[in-house]
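These notes concern the structure reproduced below.
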2 protein chains.
Amino acid sequence: MSEYPWIQELLQMGGKEEQFSEKQLKILEAAVEMFAEKGYAATSTSEIAKKAGVAEGTIFRHYKTKKDLLLAIVTPTLFKSVAPFLAKEFVREVFDNEYETYEQFLRAVLANRYAFVKKYLPAIRVLWQEVAFHSEIKQCLQGVFTEHVYPKFARIVRHFQEKGELAELPVDSVIRLTITSLAGFLAARFLLLLDHNWDDEAEMERTIRVLMNGLRR
Amino acid sequence: MSEYPWIQELLQMGGKEEQFSEKQLKILEAAVEMFAEKGYAATSTSEIAKKAGVAEGTIFRHYKTKKDLLLAIVTPTLFKSVAPFLAKEFVREVFDNEYETYEQFLRAVLANRYAFVKKYLPAIRVLWQEVAFHSEIKQCLQGVFTEHVYPKFARIVRHFQEKGELAELPVDSVIRLTITSLAGFLAARFLLLLDHNWDDEAEMERTIRVLMNGLRR
DNA sequence: ACTTTTTGTGAGTGATTACTCACTATTTTG
DNA sequence: CAAAATAGTGAGTAATCACTCACAAAAAGT
């Protein structure tokens with residue numbers, strides 16, 4: 001019933017070890033589920049309170065506005081979405097030892113983000129849906145991407161181009177094609193989810209193979 | 001100011017030649033713009049009326065409920081989204097003469113859908129955003145896909161596999177990889193729109209080349 | 001010209017909205 | 001243990017919501 005270990009994990013940002021009361025976690029849990037299902041604007045605070053088994057006033061004790069509640073959910077989700085690129089050792093891992101090829105690197109990233117999406121799917125749904133309507137979220141996402149993800153990604157691509165594994169396409173194009181391929185797989189698997197019989201392992205393998213065949217020189 | 005020729009075009013479904021009054025078109029125009037910008041649930045009928053320069057009652061004279069107004073916009077958009085696959089001559093065009101290779105076929109489809117998205121972007125945004133929350137829309141989309149798009153697409157893929165152009169991957173995987181590649185391009189171009197300097201022609205060319213390199217036997 | 005039908009209006013409706021506040025229950029602290 | 005701080009409550013509030021309806025203007029039909 002009350003499965004807020006994963007919510008607690010999601011909200012634990014970096015070094016901070018905030019303490020959440022029982023009721024507060026219930027509120028967050030209810031909010032994530034309802035936002036994911038009906039959307040932020042179509043979900044009322046009274047509904048959230050009822051589902052969380054809490055008085056409506058309790059919500060506003062912890063979050064000044066309804067939007068604050070949304071941001072409390074979305075902001076940590078956003079950062080964990082690009083988490084691998086935020087790690088300091090990340091670039092070193094790629095160059096030094098772990099991954100000798102872009103293909104190995106891709107495989108690791110995809111497996112990692114696959115597990116991430118699987119774990120935090122409801123929160124990711126909320127982020128994905130609401131980023132279109134709230135400029136604060138969009139700006140935050142763009143900021144994190146251009147500041148942390150893009151430069152590291154670009155360096156990695158250039159490295160494997162110089163090594164001769166990747167074709168001499170524009171770096172931006174390689175990044176775009178890589179991200180849309182991986183994101184396309186994850187979206188098909190977790191958002192559309194049309195498939196009954198879908199072999200995850202095999203489909204991931206095919207996705208990477210087709211992409212690599214395309215990008216190889 | 002009043003640019004409802006494209007709205008009128010969008011709503012003209014197949015053979016029907018419905019007549020829209022001036023005010024009705026103003027309502028539809030205002031609704032599309034506001035739904036795309038703020039989302040359906042966050043847009044009030046009074047706002048739409050004000051923007052359309054119309055009394056609020058006029059909206060409900062034409063559309064029984066707010067949701068009816070949404071569906072009046074979204075349903076035609078949905079059908080036009082998969083329009084090429086609905087055409088009767090479509091499969092014949094591919095087999096008989098026009099396209100000798102899967103690559104040519106891809107190029108034609110991408111160019112066609114690129115123009116479509118560019119023209120009807122606001123309506124597509126609305127469809128894309130609200131399909132997640134309204135089961136009627138989702139079911140309609142799934143129905144059209146499995147009934148019209150999928151079988152024709154599968155036949156085309158099989159044809160070019162037998163011809164030896166495409167690798168012997170599972171047909172479903174080829175379709176998925178094709179759609180996510182093309183949709184990924186369009187999403188990057190029109191939804192994320194991160195482009196400062198983005199050469200559409202070249203990027204389309206790269207997208208198709210990388211995909212074809214991946215799918216070729 | 002007269003009747004009928006369609007289109008447009010805007011004040012009014014009850015329900016619901018996000019949010020407040022005076023108050024109680026619980027926990028923390030000196 | 002007493003005091004102070006924190007967490008939780010639920011009735012209450014003004015604003016806004018989608019929608020109605022009695023009526024007026026315009027268009028169409030005869």
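Taking 4.0 angstrom as the limit, B/Thr45 places a side-chain polar atom (N or O) nearer than this to OP1 or OP2 of D/dA18. Phosphate proximity of D/dA18 to B/Ser46: absent, as no side-chain N or O sits under 4.0 Å from OP1 or OP2. For D/dA7, the OP1/OP2 oxygens have no side-chain nitrogen or oxygen of A/Thr58 closer than 4.0 Å. Taking 4.0 angstrom as the limit, B/His62 places a side-chain polar atom (N or O) nearer than this to OP1 or OP2 of C/dG8. Distances shown here put every side-chain N or O of B/Lys66 at or beyond 4.0 Å from the OP1 or OP2 atom of D/dC17. Between B/Ser44 and the phosphate of D/dC17, there is a side-chain N or O to OP1/OP2 separation shorter than 4.0 Å.
Base contact: A/Glu56 has a heavy atom under 4.0 Å from a base atom.
Judged by the 6.0 Å and 45° rule, B/Lys66 forms a cation-pi pair with B/Tyr40.
One N or O donor and one acceptor, one from the side chain of B/Arg61 and one from the base of C/dT9, sit under 3.5 Å apart.
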Given side chain to side chain contact (heavy atoms under 4.5 Å, CB included), test B/Phe185 with A/Arg176 step by step and report yes or no.
CA-CA 8 Å; B/Phe185 168 80; A/Arg176 205 215 82 218; 3.9 Å; yes

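With no hydrogens or angles considered, no side-chain donor-acceptor pair links B/Glu56 and B/Ser46 at under 3.5 Å.
Of the two residues contacting DNA chain C, namely A/Ala42 and A/Lys64, the nearest-nucleotide position lying further toward the 5' end is that of A/Ala42.
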